[in-house]
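No hydrogens, no waters, no symmetry mates; every other heavy atom, side chains included, goes into these values. Letters A, B, ... mirror the listed sequences (proteins, then strands); counts begin at 1.
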Protein chains: 2
Amino acid sequence: MESEAKQIFDDYIRERGLKGTAQRDLILSAFLSTEDHLTAEDIHRLVNDSVSHNDFSSDKKHGVGFATVYRTMKLITDSGLAREVIFGDGVSRFEHKYGHPHHHHLICNGCGEITEFSSQKMNEVEKHILKKYSFKAESHHFKIFGLCKNCEESRNQEKQKKSKKNKKMYQEDK
Amino acid sequence: MESEAKQIFDDYIRERGLKGTAQRDLILSAFLSTEDHLTAEDIHRLVNDSVSHNDFSSDKKHGVGFATVYRTMKLITDSGLAREVIFGDGVSRFEHKYGHPHHHHLICNGCGEITEFSSQKMNEVEKHILKKYSFKAESHHFKIFGLCKNCEESRNQEKQKKSKKNKKMYQEDK
DNA sequence: ATCGAAATTGATACTCATTCTCAATTGAGA
DNA sequence: TCTCAATTGAGAATGAGTATCAATTTCGAT
Ligand SMILES: [Mn+2]
Ligand SMILES: [Mn+2]
Ligand SMILES: [Zn+2]
Ligand SMILES: [Zn+2]
């Protein structure tokens, strides 16, 4: 769980002769506090909100900077705790890697909801492709964009409204 | 073939009350001239190189601008001729859509080579996933990053060289 | 507990792909 | 040919992420 992850990061830091800092602790805790796919901005907000709530000392100079968030997320990724995911909207996201087996994503174009899935059959098909092309995979990611159940239903309701409206307008035209 | 594609673009342009221009012709021709996955920069270069080679009039003011390349590739994409692909290296690429059935990609981290593949079995697995999650797919893309056959082989040769070198240094240490 | 070299930090400047703005130019229907 | 909306290129603007650097902090050695 969380303490194991913190241990892993701590080990990683020491092995490299790096230093433990309050900022790194805050950022790692924020990252570990959810199961979401977080952007650097998300993490920056989480960190600085939690700081301003918890630390009410009046001599607080400034929050954790964006550069530190990016730098630390790189370390967390390199330590094996995080994986960077790119959904193609121009922002990187980070998700848990430790204790979370590899999986793929369904991304809703309506509400942004992200659903994870994995499939043994898909792994087998992939293996077959790799052999066919003599390709050595280092990473792989299947992304499916579309509409989640909720968004699909609301879209259909929208359509129905519009078609009623159109019918009405047509009658008024007579 | 190419003329069909140009006809489709022409129709698209007229339907919308847009105008045909020399720039749009050049950009579309450049895009159609290869089967590659082109960046806006690639297309810009293709267009301006071909212009300076073919059109040697000395009163040529300037080449086609980047903004026009981006704007026109958006039109070409909307017309259904192109598809935008995002490999996650920070640049968008465009590939043929017309006459090119949907497929996925193997991307070599060594030389950048892109190999296309498709798999009926994978489509079936995907369909199963979509049903399971009640998700309505609008687009989907499986990307596999790694090393192509060539790059994998050269990497192994590198390894062998290094191991020889290390052995030699070890002996010299004695 | 103190010291000091080395690592870290936040602010800010910068990069780079892409989009926006706008004055000048061009296309095509009347 | 006229006219006017669409288009263009240059350059400014944007936005995510990175590099720089002086000031601060960490932590092992004293
Ligand atoms: Mn995930
Ligand atoms: Mn392709
Ligand atoms: Zn949704
Ligand atoms: Zn290669």
Side-chain angles (χ1 to χ4, degrees), chain A residues 9-28 30-31 37-45 47-48 51-52 55 57 59-79 82 84-94, chain B residues 9-28 30-31 37-45 47-48 51-52 55 57 59-79 82 84-94:
Chain A
F9 187 63
D10 215 57
D11 291 348
Y12 177 85
I13 288 292
R14 307 209 162 186
E15 276 169 18
R16 317 242 149 180
L18 306 180
K19 291 175 176 171
T21 68
Q23 290 90 333
R24 285 174 179 171
D25 287 348
L26 285 166
I27 290 166
L28 179 57
F31 171 67
H37 300 77
L38 299 169
T39 65
E41 194 187 347
D42 291 335
I43 295 163
H44 183 260
R45 190 176 341 98
V47 166
N48 288 304
V51 163
S52 58
D55 182 344
S57 64
D59 56 357
K60 190 99 195 82
K61 296 290 194 323
H62 40 226
V64 175
F66 267 105
T68 302
V69 172
Y70 281 110
R71 288 185 286 230
T72 304
M73 287 316 298
K74 187 165 186 358
L75 291 176
I76 293 175
T77 301
D78 292 345
S79 79
E84 192 175 356
V85 258
I86 291 172
F87 290 140
D89 60 349
V91 246
S92 283
R93 279 157 224 274
F94 297 92
Chain B
F9 188 63
D10 216 56
D11 292 347
Y12 177 84
I13 289 291
R14 305 209 164 186
E15 276 169 18
R16 317 240 150 180
L18 307 179
K19 292 175 177 173
T21 69
Q23 290 92 332
R24 286 174 180 172
D25 287 347
L26 285 165
I27 291 166
L28 179 56
F31 171 65
H37 300 75
L38 300 169
T39 65
E41 194 186 349
D42 292 334
I43 295 164
H44 183 260
R45 191 176 341 97
V47 165
N48 288 303
V51 164
S52 58
D55 181 346
S57 66
D59 56 357
K60 191 98 194 82
K61 297 290 195 320
H62 38 225
V64 175
F66 267 105
T68 302
V69 172
Y70 281 109
R71 286 185 286 230
T72 304
M73 288 315 298
K74 187 165 186 357
L75 290 177
I76 293 175
T77 301
D78 291 345
S79 79
E84 192 175 356
V85 259
I86 291 172
F87 289 141
D89 60 349
V91 247
S92 282
R93 280 157 225 273
F94 297 92

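- Counting to the nearest Å, the P atom of C/dT26 and the CZ atom of B/R24 are 15 Å from each other.
- The CD1 atom of A/I43 sits 14 Å away from the P atom of D/dA16 (whole-angstrom rounding).
- Scanning for ring-ring contact (aromatic ring centres under 6.0 Å, His included) contacts around A/F87 gives A/H105, with sequence neighbours left out.
- For B/R24, the side chain to side chain contact (heavy atoms under 4.5 Å, CB included) test picks out B/F9, B/I13, B/L18, B/T21, B/T72, B/L75, with sequence neighbours left out.
- Minimum atom distance to the side chain of B/K19 is reached by C/dT26, of the listed C/dT26, C/dA7, C/dG10.
- Summarising the geometry, the separation between CG on A/N48 and P on C/dT9 is reported as 13 Å, rounded to the nearest angstrom.
- Here C/dA7 presents its P atom at 17 Å from CD of A/Q23, a figure rounded to the nearest Å.
- By the side-chain hydrogen bond (donor to acceptor under 3.5 Å, both in side chains) test, B/H44 pairs with B/N48, sequence neighbours left out.
- Applying the ring-ring contact (aromatic ring centres under 6.0 Å, His included) test to B/Y12 and every residue at least two apart in sequence or in another chain returns nothing.
- Between the NE2 atom of A/H44 and the P atom of D/dG17 there is a distance of 13 Å, given to the nearest Å.
- Rounded to whole Å, the distance from CG on A/L26 to C1' on C/dG10 is 15 Å.
- Computed from coordinates, the B/D89 CG to D/dA16 P distance equals 18 Å when rounded to whole Å.
- Residues meeting the side-chain hydrogen bond (donor to acceptor under 3.5 Å, both in side chains) test with B/R16, sequence neighbours left out: none.
- With sequence neighbours excluded, no residue satisfies side-chain hydrogen bond (donor to acceptor under 3.5 Å, both in side chains) with A/D25.
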Take nucleotides 14-25 of chain C nucleotide by nucleotide from the 5' end and write B, S or -, depending on whether a protein heavy atom sits under 4.0 Å from the base, only from the sugar-phosphate, or from neither.
---SSBBB----
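- Residues forming a side-chain hydrogen bond (donor to acceptor under 3.5 Å, both in side chains) with B/E41 (at least two apart in sequence, or on another chain): none.
- DNA chain C is contacted by no residue of residues 9-17 of chain B, taking any non-hydrogen atom closer than 4.0 Å.
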